[in-house]
Amino acid sequence: MSARLWSLGVLLVAVGVAAHVVGWDRLLWIPRVVIDSFVWVPAAIIDAIRSSPATSGIIALGILLMVVSRLVGRRKGQGGG
């Protein structure tokens, strides 16, 4: 518990120093860009599905087959152990 508190204290001091040196606007620019990316990606996926549902279906089926293949491979690896 003590080590976690120490680490949290170090993190807060580092954030405080960084905010003092570069300012909060610049410091918070990176999280804003990341959040904007999280909003942009789902919107792009929805637009792609609307513009070409057949292609999106083929891609989704391919992803599904890759996931199933990975799951089957793990089961064989555990059972044969």
Side-chain angles (χ1 to χ4, degrees):
M1 183 69 165
S2 172
R4 287 184 183 178
L5 290 175
W6 177 265
S7 298
L8 182 59
V10 170
L11 176 69
L12 290 175
V13 168
V15 168
V17 170
H20 179 72
V21 171
V22 299
W24 281 109
D25 289 339
R26 287 186 185 169
L27 189 64
L28 294 176
W29 176 78
I30 295 171
R32 281 189 216 132
V33 169
V34 171
I35 290 170
D36 288 345
S37 297
F38 285 133
V39 172
W40 175 80
V41 171
I45 292 170
I46 291 170
D47 287 342
I49 291 171
R50 285 183 182 162
S51 67
S52 182
T55 303
S56 301
I58 295 295
I59 292 170
L61 182 60
I63 292 171
L64 178 67
L65 290 174
M66 290 188 301
V67 169
V68 169
S69 171
R70 177 68 77 162
L71 292 174
V72 168
R74 285 187 182 173
R75 281 196 180 160
K76 286 185 179 181
Q78 288 177 356

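W29 and V39 are assigned to two separate hydrophobic clusters, defined by single-linkage of ILVMFWY side chains at heavy-atom distances under 4.5 Å. A continuous path of hydrophobic side-chain contacts links V15 to L28 [ILVMFWY only; heavy atoms under 4.5 Å]. Connection of I30 to V33 is established within a shared hydrophobic cluster, with ILVMFWY side chains joined at heavy-atom distances below 4.5 Å, either directly or through further cluster members. In the hydrophobic clustering of this structure, V22 groups with V17; members are Ile, Leu, Val, Met, Phe, Trp, Tyr whose side-chain heavy atoms approach within less than 4.5 Å, directly or through other members.
Here the side chain of S52 pairs no donor or acceptor atom with the backbone of A48 at under 3.5 angstrom. At distances below 3.5 Å, not a single donor-acceptor pair connects side-chain atoms of S69 with backbone N or O atoms of L65.
Of the inter-residue distances, the one linking S56 atom OG with I46 atom CD1 reads 11.0 Å to the nearest 0.5 angstrom. One distance of note links CH2 of W6 with CG of L11; it measures 13.5 Å at 0.5 Å rounding. Summarising the geometry, atom CG belonging to L61 is positioned 10.0 Å from atom CE belonging to M66; distances are rounded to the nearest 0.5 Å.
The closest side-chain heavy-atom distance from R26 to V21 is not below 4.5 Å.
The number of heavy atoms from other shown groups lying within 6.0 Å of CZ (R32) is above 12.
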